[in-house]
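Following: one structure in structure tokens, then a few remarks.
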Amino acid sequence: MINFTFEGEPISVEPGTSVAAALLSHGERITRLTRFNSTPRSIFCGIGVCFDCLVEVDGEPNQRSCITTVKEGMVVKVQHGS
Amino acid sequence: MEVRYQVIVLGGGPAGLNAAKYAANAGYEVGLIDAGTRLGGQYWRHTGREEFDQSVHHNFDQGSLLMDAVLANPRITVHSETNIWSASIINDEVVLRTNNGAFITQRLILATGAYDRSLPFPGWDIPGVMTPGAAQSLLKGHGVLVGKRIVVAGTGPFLLPVATGLSSHGASVVGLLEASSKYSWAKNLLELLRNPAKALEGIGYLLALRGRKVEMRFRQAIVAAHASADGSLESVTIANLDSEWKIRSTYKLSCDVAAVGWGFTADTAIAYSLGLALDVDASGSISVVVDENQRARQPNAAIAIYAAGELTGIGGADLALVEGAIAGLAIAGSAQDLKTLKKRRKKLLRFAQALTKVYPVASGWKSWLSEDTTICRCEEISYSDINEAREEFDASDARTIKLLTRCGMGLCQGRICGRTIADLMNSTPQERISSASRPILSPITLGEVAQEGLL
Amino acid sequence: MSQSPDAIVIGAGIVGATTALALTNAGLKVLVLDRGSIASGTTSAGEGNILVSDKEPGAELDLALRSRDAWFELADDIGGGFELEAKGGVVVSSSGSESLRNLTSKQRDSGIDARDISSSELWELEPHLSRSINVGAYYPQDAQCQPMLATARVLQAVKQRGGDVVTGSEVLAIENRHGVVSSVVTSRGSYSAPVVINAAGTWAGAIARLAGAELPIAPRRGFILVSVPTPHRIFHKVYSSDYVANVASGDADLQSSAVVEGTQSGTILIGASRERVGFKEGIDYSVVRILAHQAIELFPFLANVQLMRVYRGFRPYAPDHLPVIGQDPIIKGLWHNAGHEGAGIGLAPGSAQLLADTILERHSFMNAAPFSPSRFSTVSSS
Ligand SMILES: Cc1cc2nc3c(=O)[nH]c(=O)nc-3n(C[C@H](O)[C@H](O)[C@H](O)COP(=O)(O)OP(=O)(O)OC[C@H]3O[C@@H](n4cnc5c(N)ncnc54)[C@H](O)[C@@H]3O)c2cc1C
Ligand code: FES
């Protein structure tokens, strides 16, 4: 199993799991808050096209959770704005 | 890093896999580039660890054989997790710049597939509303169910396997809504029966769903989504539609996921960057123009660029396989007779064309929009922002609207809302084609762009 | 609108729009024509810089200084709405302080507020600037606007005040009677007016030829890089003083020095290269590379910021880098307001005022002679 954190909470998943799949299977539905209206967003297209599922990974914003594979020790956060 | 191949195939779905296989078998060194972690594309997406389950993976046997053949072929080098950020032609060669260096060739096969077409409606930006492709890719690729109470809606044959997969994995599909009419099939029966295998596949899904008490409701669509206090999806408003898709009556249904899709759109940005001739059909869908050998039209005679699969017109996996095979053989100048393949392609093409007639998108969806409906998800541009620009400045074309409102200027670069804006503004085919221009195909850090030796 | 307005403006870019407004405000009935939609030429490819800092003393700087103030007057006149902001410019030098200090001193003599600043002041203005850069100047007058919105707002005011804008009408011929302009034939009908203004930017040479005149305006290609939206970390327009030399260069080869700034929507713009390669389509990624590299030299954090878009424009370029403002030497009634190269947004309202004053024979804020269209014919006939 691979361990990472989302908003400080530890989550373990099978190797090869995308961040989006890991979050959804743990009931986490919101990946980011938009930069103008702060409305919540989540996975939409599932295949890297729409850029709605953005999260902050190890301090880098704008990472598409649906095509980012979870790695050991990753620190994932909700992306606030940009 | 710079790598040269005799043939480069872009895309590891059915079309690209077959293209790579046939080109390699004809004696060429092939580089197969795909953005994903595993081959298979959208159709044969898999977790890489499961016992395959035919309810989500139709024809997976065929797929795993093909993937194994490609992986085992010594003439094919697979480059996964490789994202192209720009493409251009320099000194009679195609240069594809990626996160893993530049890939260079004089023979390129584009097989980059398609993604779900979305239409805006009030609340389509609420977490829990997604495309059927998203629900499908999480299930196929990760074995994750996106929700417990799911409504699958929109139009097109793809809704059936998605609903079947979700329901057989334990989700309760509380609604399966097809916006087109029940009789749509009947009107095109003749064409459809030419391809009995496909028709049977559809009937198989319907029967499986009926066994789980999921009935398809026709002429219905989700016209609004509603959020709970935490901001995620709680319920949807469903409408009975008239033949133009205007709302006749509505009812509400509670659900935690709405998977809504309206057919597919191909991303023609790479094709545009490489100067390929593009075409727009009556539905506004853009495709790469190809000849009978799948060769695309472009001015440089030293270079051969072919396209196969959804990029040349939405037609499904079987057609993609055949087109991939033709492209692979033709680009290699193989002496093999293509007649049988071309005959099969013709049959599948006719079926694909019949399908687009069965599942047309009617213009009534525009009447579902309210003033505060988001149109551009990235830049948070609402329908009223667009209407204001239209009225205040007499802006009558999509490009002007885009520059005035920033609609379509966000991270997805109009991949999601571009077609919608083109429809709202009645864009000409030429305008639709030029809106496919995206010189930066996917975001890349400036540090990587600044690297020495970039071509 | 009738087929015979008082003045016809060809080109609905920023120069055409501001010219139309200046004439409308003087009481004329103006018709603006464009073959595309509004700002479909170079204006929508411009960054919206309104700079006084990047010009050597001379006629263009005088025009720029007046034009900068004219932008703010124009905003008051039509009620703003185009993101006009006196953001201030920071010019840095990595090749010692002497040339930059010389430039600021000359600029001050021309009435520019150019302040020599210490390295600590520099880093205070731009905390994320590379610490290897320690020489700078601050120009509080440098400003910016959103050129597309500006054009749309200005043309909206023209219409509200009795003028008209016809887009999608390509000018096919400009007829004259005995050397006096008589009518403009477009793809959507013919119009006549005693005053016809060529504000066709990079295509102004072609318009001049349609009228039987000549204007040596050529394209100078430029690319602009746009980052993904990021938190605000760049607060002014920041560029290297090499830029001033590049702007003035007559060399056809590539010149590039990054001008970096943050926008209100959160993106960072990195402009702009300069090349004379004709109307060359496509993107040259080696130029994109150089701009990215130069931007990172100014702001190292940019190395980790993602590039989202690149776009291209063709600046209208005259051999001596000065705009062409005035009446055509051969065809009477044909006036030019074009060739503003990389500064057409900044120079637009000043140029519009100067041309309107000249047409209406009013006293103006400066002598228009340095911009006269006849300057080219004198050269070629001698
Ligand atoms: C990369 C880049 C960055 C720039 N950045 C800045 C900046 O920061 N600040 C600044 O001040 N300037 C900048 N500029 C320069 C500025 O954009 C131009 O100087 C300015 O837009 C010129 O305006 P214009 O109205 O003369 O031309 P245009 O905006 O090109 O307008 C000319 C119009 O004429 C029309 N036309 C042409 N032929 C015909 C015909 N036959 N019939 C009808 N209509 C016709 C065209 O469709 C067009 O709309 C930049 C330019 C580039 C390329
Ligand atoms: S869900 Fe669309 S990019 Fe990830």
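- Ranking C:K159, C:H293, C:R309, C:R312 against chain B, the residue ahead of the rest is C:R309, based on heavy-atom pairs under 4.5 Å.
- Taking all atoms of both residues into account, the shortest heavy-atom contact from C:Y285 to B:R97 is CD1-NH1, 3.3 Å.
- Screening C:S40, C:S44, C:S37 for a side chain to side chain donor-acceptor pair (under 3.5 Å) involving B:R399 leaves a single residue, C:S44.
- For chain B, the nearby part of C:L225 is the side chain; its heavy atoms alone come within less than 4.5 Å.
- Closest approach of C:L302 and B:L446 over heavy atoms only: O-CB, 3.3 Å.
- Listed here is the closest heavy atom pair of B:T445 and C:A303: CB-O, 3.3 Å.
- Two residues are said to be in side-chain contact when any heavy atoms from C-beta on lie closer than 4.5 Å; B:D394 and C:Q156 fail this criterion.
- Summarising the local packing, CZ of B:R297 is surrounded by 12 or fewer heavy atoms from other residues, nucleotides or ligands at distances under 6.0 Å.
- C:I296 touches chain B through its side chain: at least one heavy atom from C-beta onward sits under 4.5 Å away, while N, CA, C and O do not.
- Without hydrogens or angle criteria, C:R289 side chain to B:V449 main chain gives no donor-acceptor distance under 3.5 Å.
- Side chain of B:Q413 to backbone of C:M308: a donor-acceptor contact under 3.5 angstrom is found.
- Proximity of C:T267 to B:M409: side-chain heavy atoms (C-beta onward) are nowhere separated by under 4.5 Å.
- Using a 4.5 Å cut-off between heavy atoms, B:E392 contacts chain C through both its backbone and its side chain.
- For B:R438, no part sits under 4.5 Å from any heavy atom of chain C, backbone or side chain.
- More than 12 heavy atoms of other residues, nucleotides or ligands lie within 6.0 Å of CG in B:D92, so this atom counts as buried by the packing criterion.
- Interface summary for chain B: among C:P300, C:G282, C:S265, the most heavy-atom pairs under 4.5 angstrom belong to C:S265.
- Interface summary for chain C: among B:I89, B:L441, B:L411, B:V95, the most heavy-atom pairs under 4.5 angstrom belong to B:L411.
- Every residue meeting the side-chain hydrogen bond (donor to acceptor under 3.5 Å, both in side chains) condition with B:R4, not counting sequence neighbours, appears here in chain and number order: B:E93.
- Considering only heavy-atom pairs separated by less than 4.5 Å from chain B, the leading option among C:I38, C:T167, C:L149, C:L155 is C:L149.
- To the nearest 0.5 Å, atom CZ of residue B:F393 and atom CE of residue C:M148 are 9.0 Å apart.
- Heavy-atom distances place the side chain of C:I270, and not its backbone, under 4.5 Å from chain B.
- No part of C:A295 comes within reach of chain B, as not one of its non-hydrogen atoms sits under 4.5 angstrom from that chain.
- Looking only at heavy-atom pairs under 4.5 Å with chain B, the residue among C:Q146, C:Q294, C:R153 that has the most is C:R153.
- For C:T151, no part lies near chain B; criterion is any non-hydrogen pair under 4.5 Å.
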